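Have a look at the structure below before the remarks.
Convention: sequence-line order gives letters A, B, ...; per-chain numbering from 1. Everything numeric here is computed off the predicted structure, so don't read it as measured data.
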Amino acid sequence: MGKSPATKDDARALFQSLRSAYSATPTNLKIIDLYVVFAVFTALIQVVYLAIVGSFPFNSFLSGVLSCVGTAVLAVCLRIQVNKENKEFKDLPPERAFADFVLCNLVLHLVIMNFLG
Amino acid sequence: MTRSVGIIVVLLAVASIYEAVALFHPISESHRSAALELFSAVDGSFSSLEEAYEALRTFEVLGIEQKPDIKDHTCNSVVDTLSSKSSNSRDLYHALRVNGLLKCKTSKEALTGITSRLKDAVKAATSLLDYYHSIGGLLLIKDQSSEVDVLLENADGILRSIKALGQSDGRWRYSSNNPESSTYAAGLAFETISGVISLAASAIDENLIGTLKKDIAKLFDSIEKYDDGSYYFDDKHIDASGHQGLLSATAAVVRGLTTFASTTDGLNIPEDKILGVARFFLGIGVPGNSKDLYYQIDSLSHLENNRVSVPLILSLPATVLSLTSKDVLKVKVNTVLGSVAPPLSVKLMQVFSSGSKDASVLKQELHFDPKEAIHTLNDLPEGVDIGEYVFAFEIVLSDPEHKRKFATGGRIKVPVHVTGVVKVDDAKVAVLEGDIVESEKKLDLPRKTDLALSANHLQKLHLSFLLTTPFGKPFKPHQVFHQLLDCLDFISLYVCLTYLSSVYLQALLKLRHESGVEHIFVVENSGRHFEITLDFLGLVEKFYYLSGQYDIELTVGDAVMENSFLQPLGSIDLDLPKAPEKTAQPPPQAVNPYLRYGPKAEIAHIFRVPEKRPPQEVSFAFLGLVLVPFLAFLVGLLRLGVNFKNFPTSAIPATFAILFHGGIAAVLVLYALFWLKLDLFTTLKSLGIIGIFLMFVGHRTLSHLASTSAKLKSA
């Protein structure tokens, strides 16, 4: 059952509005979004590699994937805190949020490097 | 094996019943070769003049020529010592001793100078060794040069001071402050005393000499004795030169006695003690070190022609006589150094067979062959069959005058083995059912036989034979030892047999199962009739219920049996009932040592199969692929229009900003190193340092940025 032209148009219209809305976001948030996308893609490629060659050595795979996922999560937290429209974090200076992001990343990567083997 | 030790103890106890049964040999070629080996001069010279004297004296007595370069070296050392002003009387004494043997060129002036020094030393002497060295030196000078005046004026006084150091038990002290006395010192004292007597300018008080004779007789009362007839002196204390023991003490006493006897007459020392001391020195055999050899040879040379009594040694070149080869008994009588004895005859007085203490007196004279200097007994006495005997000899001197001069030792007992061929007669093997003979076979021992018998557990195996000596008499063994059954495998059985074979005859029957389990039985005897009956009904349990073929071996042996044999007789097929539950298992057979230590079966190790790794190209391809999102990220950043506009421009904030980025880069580099080669601890340490730095720098940078953006907001 193929999509009706109406649905197709609707989807296209939705996509367009999404795109225009997105272009309104500030640049720094876009940078963070790009970073998240980069991290997720890197994780996906590692999963594909696992699927092809097998799970040995499994700890390396885990560390790689968790590094990407972890850093993506931290970036999302950073985005939440930096976003000016977020009323919860109004009083939090973005520099402080960035400092937290850097620190947490460093700790995450220390653990990742230890687990990498 | 502890049993066999017990057997040996019993054997020794039996041997000790024969008191003073021993064989001594005079000095022989083996002593000469030992002397050459032990007294080897290092680099052509000896380490001290004392050692040089010991070596040279030993060589002189044994008749060995000394090498000329050693003589030169030693002479140089002697002349140096004699001419040196710093030599004390001890050094002079040793140098003069060596000079006496080597006859080095010394000047009359030197000797005169030494004489006066030694005479002063005698006057100033306080200890025994001072007297010994100085008097000894003067005596040596007297022998080496007739022109120098060495006579002592106050001989009586000197003798009295030496005697003052003596004790009532015959021993001597070294000095008046030291209460310890020793027999070695007594020997030195008598040597010194005889030196004083020879050097006396005027006659010595006779009473003094009489008391000295009594002292030496008292010393000889403290002599100790071994069972084989040798006498010795024991010194519990270590003497001045540090050489402790029987040999040095006895040697010193012999020297003292013989030199004292050469200067005085009428010494009454029992001749059996002199002979005993000679036997002691000969009984050592060939000593293992040079000092002991010197003591032995020096003492024996003193005993060889001393004025008390010269010991004569009776020896047998061979103590085993074979009846088959018709050996004759040969006896030699020599002095201790092996020289010819005075004319004498040897009589065989008694022949004791082993175990008996009485024997008839024979008084059979041996025939003397003057060319070989051997006494022979052409025919053995009546009734001497194979076995162990003790022959008692007596030496009779032809010249009655010699009886006072020589010590012959009374009745001398010597162990002799007489061997011969033992005949085995009337040997037969039978399998009995009850008392009825099932099958019987005659054997021709000790020739080869091959039996093939069979029996079941209700039957008996009977073996019997007769043993006869060459003279036709029954061969009576002394005792049969059942402890041999404890010798489990044949090797230790052989050892047990060897230890006992000097006294006991054994006849053993061995049955060996095809699996290797062995059983040994002693063949009992009554007179010359040997027989054994194996009742299999009673032996079933001993045989561990093992049925099958058993190899039979018969062993008959003794030390005096020349044709001892170990003969396999064949085999017997035994049919034993089945083993009930809970029977003892046969002992495990000894593993062939070559198998035990040989190569073992190879072990195939199963290694963990290594994981399948992907080919390198795939991995590198994905490495590239992983980097692609990063590149895409960078491209996206550029497309978004990232810029460095907010980077602080003024100096200090700029520095901090650079340091901040540098710090993060440093942390990432540290992580890379951590992955490559560092361990966690160093990483954490470095991380701590960089982290603190980064915190400080980051705080400064970010607060600067925050303040600038706040300024912008307010503006």
Given a strict heavy-atom distance threshold of 4.5 Å, which part of [X] is in contact with chain A: side chain, backbone, both, or neither?
{"X": "B:L705", "result": "both"}
{"X": "B:S709", "result": "side chain"}
{"X": "B:T683", "result": "side chain"}
{"X": "B:V667", "result": "side chain"}
{"X": "B:V628", "result": "neither"}

Of A:T27, A:N114, A:L110, the largest count of non-hydrogen pairs under 4.5 angstrom with chain B goes to A:L110

Okay, A:I52 and chain B: the region with an atom under 4.5 Å from a heavy atom over there is side chain

Applying a strict 4.5 Å limit to non-hydrogen atoms, the region of A:V102 in contact with chain B is side chain

Looking at [X] and [Y], what are the two nearest heavy atoms and their distance?
{"X": "B:W675", "Y": "A:L116", "answer": "NE1-CD2, 3.3 Å"}
{"X": "B:L702", "Y": "A:F98", "answer": "CD2-CD2, 4.1 Å"}
{"X": "A:M113", "Y": "B:Y671", "answer": "CE-O, 3.4 Å"}

May I ask you to check whether over 12 heavy atoms, not counting those of [X], lie within 6.0 Å of atom [atom1]?
{"X": "B:E541", "atom1": "CD", "value": "no"}
{"X": "A:F41", "atom1": "CZ", "value": "no"}
{"X": "B:L712", "atom1": "CG", "value": "yes"}

Contact between [X] and [Y] at the side-chain level, heavy atoms closer than 4.5 Å - yes or no?
{"X": "A:L103", "Y": "B:M695", "value": "yes"}
{"X": "B:P629", "Y": "A:I45", "value": "yes"}
{"X": "A:T42", "Y": "B:F630", "value": "no"}

Notebook entry, point to check: Taking the side chain from A:Y49 and the backbone from B:L623, do they hold a donor-acceptor pair closer than 3.5 Å?
Noted result: no

Audit row: A:V53, B:F622, side-chain contact (heavy atoms from CB on, under 4.5 Å) steps and yes/no: CA-CA 11 Å; A:V53 299; B:F622 267 90; over 6 Å; no

- Test A:L106 against B:L687 for side-chain contact (heavy atoms from CB on, under 4.5 Å), laying out the working first. CA-CA 10 Å; A:L106 290 180; B:L687 186 65; 6.0 Å; no

CG (B:L640) and CG (A:L29) are apart, to the nearest 0.5 Å, by 11.0 Å

Counting heavy-atom pairs under 4.5 angstrom with chain A, the leader among B:L637, B:L684, B:L694 is B:L637

